[in-house]
Number of protein chains: 2
Amino acid sequence: MSENDRGTVNAVSPRKPAATIYDIAQLAGVNASTVSRALSTPGRISAKTEQKIHAAAKELNYRVNPAARALLTGRTRTIGLIVADITNPVFFDIVRGAEREAAEHDYTLVLAEFRESAETEMFTARRLIPSVDGLILATSRLEPDEIRGLAEEKPVVVINREVEDITSIVADVAPGVDQAITHLAGLGHTRIAYVAGPQRSWVSHKRWESILAATARSGMEAVELPSEQPVMQAGRAMAPAVLSSGATAVIAYNDLLAIGLMQELIGRSVSVPGDISILGFDNIFGADFTTPGLTSIGSPHTEAGMYAARGILSILDGAPSDQTSHEALVTSLVLRGSTGPRPAV
Amino acid sequence: MSENDRGTVNAVSPRKPAATIYDIAQLAGVNASTVSRALSTPGRISAKTEQKIHAAAKELNYRVNPAARALLTGRTRTIGLIVADITNPVFFDIVRGAEREAAEHDYTLVLAEFRESAETEMFTARRLIPSVDGLILATSRLEPDEIRGLAEEKPVVVINREVEDITSIVADVAPGVDQAITHLAGLGHTRIAYVAGPQRSWVSHKRWESILAATARSGMEAVELPSEQPVMQAGRAMAPAVLSSGATAVIAYNDLLAIGLMQELIGRSVSVPGDISILGFDNIFGADFTTPGLTSIGSPHTEAGMYAARGILSILDGAPSDQTSHEALVTSLVLRGSTGPRPAV
DNA sequence: TTGTACGCGTTATCAT
DNA sequence: ATGATAACGCGTACAA
């Protein structure tokens with residue numbers, strides 16, 4: 001019954017409570033509303049009292065209470081970013097870009113990862129959406145309708161996906177693929193294999209279509225080889241199919257597949273790029289760890305994250321949300337050692 | 001003057017405002033406070049009205065307004081994580097662990113990156129601290145006093161660093177190093193080189209001390225070689241020093257150094273592990289991209305992030321904040337192909 | 001068991 | 001130019 005009963009309270013709060021505008025008002029000898037004005041609408045106040053108020057604020061180490069402000073304004077100055085897998089190297093550049101752009105505009109990034117089903121993703125989105133001003137979905141497995149539903153509550157931007165009525169950030173694959181095919185054509189290759197990603201992957205199809213178009217333009221042949229999963233092990237497993245495809249250059253759906261394939265080929269004493277050239281997509285962290293380094297068609301992931309955050313901010317500023325803005329977001333070829341001249345027959 | 005003047009407003013808010021407990025109260029025909037109780041203190045309410053309220057809440061798709069709750073309770077259910085560099089592979093596992101643990105307890109992770117000076121870090125911390133319940137500093141360059149100052153406002157936990165009076169999460173290097181040295185001893189090595197990290201790095205010294213102790217115990221020699229920066233290029237530059245050191249096995253301060261060194265050695269036709277064995281620290285993403293794969297002394301980064309978040313939560317629950325809790329957080333050896341028998345002389 | 005009333009810190013609308 | 005006051009949504013002590 002004693003006041004010591006709730007020992008937990010004491011243990012947490014030798015912390016001094018944060019100063020409020022009332023504390024400042026008292027210290028500066030003015031009204032709290034004057035303090036608020038001095039701090040949020042500078043210039044509307046006599047220079048002298050403004051001085052005093054700022055001095056008092058600094059002395060008390062004042063910073064606004066975001067909750068109080070949010071309660072009134074409805075804005076949290078926070079952007080949520082939901083990714084499937086934080087440790088996927090494709091994502092941390094996106095995270096970085098979004099965080100950078102947010103911080104630039106004095107916004108804060110809230111990050112969440114869903115590792116399971118679309119159900120988990122929806123759960124996560126629902127959990128986050130009340131506390132953010134907008135939501136970025138970096139690799140959503142949600143249905144278009146679900147995404148549009150979220151967008152009715154708060155601004156939503158998707159990355160690497162196209163959803164009607166939703167702002168989406170997608171890098172244009174064509175330039176990078178064109179560079180890659182031109183590069184390979186210049187090296188004398190005439191038959192290309194594409195190790196595809198997951199059947200359901202919209203991105204994988206886009207990449208394949210782009211390759212088809214570019215090879216056709218260069219008078220080359222292209223063949224698509226289905227793979228199991230976009231991971232290294234699956235890449236290794238593709239070696240036989242690749243070897244029997246007759247292709248002298250392989251483009252894999254992503255770098256992990258490419259690296260696995262390359263390791264397996266080298267393990268079988270197939271020279272890369274002597275006997276076969278290998279390219280990946282994404283230019284992930286570590287693509288330069290391999291020997292030879294992996295030539296890759298890279299997307300500007302950081303920029304994608306930045307544009308996504310910027311998209312949220314501009315919707316908050318009143319822009320329509322259905323504009324797809326891939327402009328200025330293009331892939332490009334990153335040349336390393338895994339591509340070389342077509343072997344003499 | 002017309003009501004169309006503020007066109008921006010219209011553009012943003014075809015969005016329906018979120019439902020409040022008042023909306024639920026009206027729909028269920030009860031008072032708002034009853035709704036609040038039904039939702040936050042289940043059981044204190046007649047089963048029948050509780051049913052009605054929950055039904056109404058579901059129908060209106062109600063979720064609490066975090067700002068309102070935070071204003072009242074002083075808790076945001078949010079944990080801030082500040083890292084120097086999101087794209088450093090050591091960090092995303094930390095991020096993942098912290099996010100996972102936070103989500104587990106219905107907390108949300110706020111992420112911020114400072115890429116510059118300690119000044120930027122302090123600025124970032126100050127920006128974040130009003131809106132979070134606690135702060136994790138993953139690689140702080142702040143002075144101990146600065147960190148303690150932050151800890152006066154909100155719970156603070158540091159990772160990979162020890163600060164007096166501050167909960168710190170540091171993996172115990174010894175077990176991993178012991179395993180590594182035992183492994184190398186078993187392979188016949190007797191002279192080890194340590195390619196050190198930055199002079200000022202507390203972690204690098206710890207690693208060196210641990211190596212010294214372990215090698216002494218095994219009757220081996222160890223020599224420390226200073227490097228410029230913990231990056232691949234610097235690792236490449238270490239090749240001559242390593243070769244002239246007389247060591248048959250090298251442990252690098254981190255995997256990037258190790259990979260750079262390995263690439264350079266292989267480029268000089270030095271066989272790895274035939275002529276020299278190489279180990280790194282951290283077991284980063286991509287350590288298996290190299291040929292041979294890099295043997296590395298790994299830390300459980302995900303767990304570190306989890307423990308850090310858990311530390312914040314337990315301080316919030318009333319635990320003292322000065323307990324250093326490295327228990328159960330130990331390094332271990334991840335064996336790959338870059339280590340092998342000592343070459344015959 | 002349920003309703004009433006107040007306060008959290010801030011901004012905005014009045015009035016002075 | 002500045003002070004007084006209401007309002008944001010929620011939780012809770014108190015009253016009924």
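Proteins come first, then strands; the chains are lettered A, B, ... in the order of their sequence lines, and each starts at number 1.
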Between [N] ([atom2]) and [X] ([atom1]): distance, integer Å:
X	N	atom1	atom2	value
Asn65(B)	dG9(D)	CG	C1'	6 Å
Arg63(B)	dC10(D)	CZ	C1'	16 Å
Leu72(B)	dA13(D)	CG	P	11 Å
Leu60(B)	dG9(D)	CG	C1'	15 Å
Asp23(B)	dC8(D)	CG	P	11 Å
Ile53(A)	dT2(D)	CD1	P	8 Å
Arg69(B)	dC8(D)	CZ	C1'	16 Å

For [N], take OP1 and OP2 only and decide whether either is under 4.0 Å from a side-chain N or O of [X].
X	N	answer
Ser36(B)	dG11(D)	yes
Tyr22(B)	dG11(D)	no
Thr49(A)	dT2(D)	yes

I want to confirm an ordering. Mapping Glu50(A) and Thr41(B) to their closest nucleotides on DNA chain D, which one lands closer to the 5' end?
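The 5'-side residue here is Glu50(A).
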Name the one of Val157(A), Val170(A), Thr167(A), Leu329(A) that satisfies side chain to side chain contact (heavy atoms under 4.5 Å, CB included) with Tyr307(A)?
Leu329(A)
Chain B reaches DNA chain C, atoms under 4.0 Å from its heavy atoms, from dT1(C) to dG9(C)
Indicate yes or no for a side-chain donor-acceptor contact from Arg77(A) to the backbone of Asp106(A) under 3.5 Å, with no hydrogens or angles considered.
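Looks like yes, one N/O pair under 3.5 Å.
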Carboxylate-amine/guanidinium proximity below 4.0 Å for Arg126(A) and Glu153(A)
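Yes, this pair counts.
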Would you call Arg115(B) and Glu113(B) a salt bridge, using N to O less than 4.0 angstrom?
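Looking at Arg115(B) and Glu113(B), the cut-off is met.
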What nucleotide among dC10(D), dT12(D), dT2(D) has an atom nearest to a side-chain atom of Arg37(B)?
dT12(D)
Look at all strands and tell whether [X] reaches a base, only sugar-phosphate, or nothing, counting heavy atoms closer than 4.0 Å.
X	result
Asn31(B)	base
Leu71(B)	base
Ser33(A)	base

Stepwise, does the side chain to side chain donor-acceptor pair (under 3.5 Å) test hold for Ser33(A) with Ser36(A)?
CA-CA 5 Å; Ser33(A) 58; Ser36(A) 176; over 6 Å; no
With no hydrogens and no angle check, just 3.5 Å: does a side-chain donor-acceptor pair link Thr120(B) and Ser117(B)?
yes
Check the side chains of Arg69(A) and Thr76(A) for a donor-acceptor pair under 3.5 angstrom, ignoring hydrogens and angles.
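No pair is found: no donor N or O on one side chain lies under 3.5 Å from an acceptor on the other.
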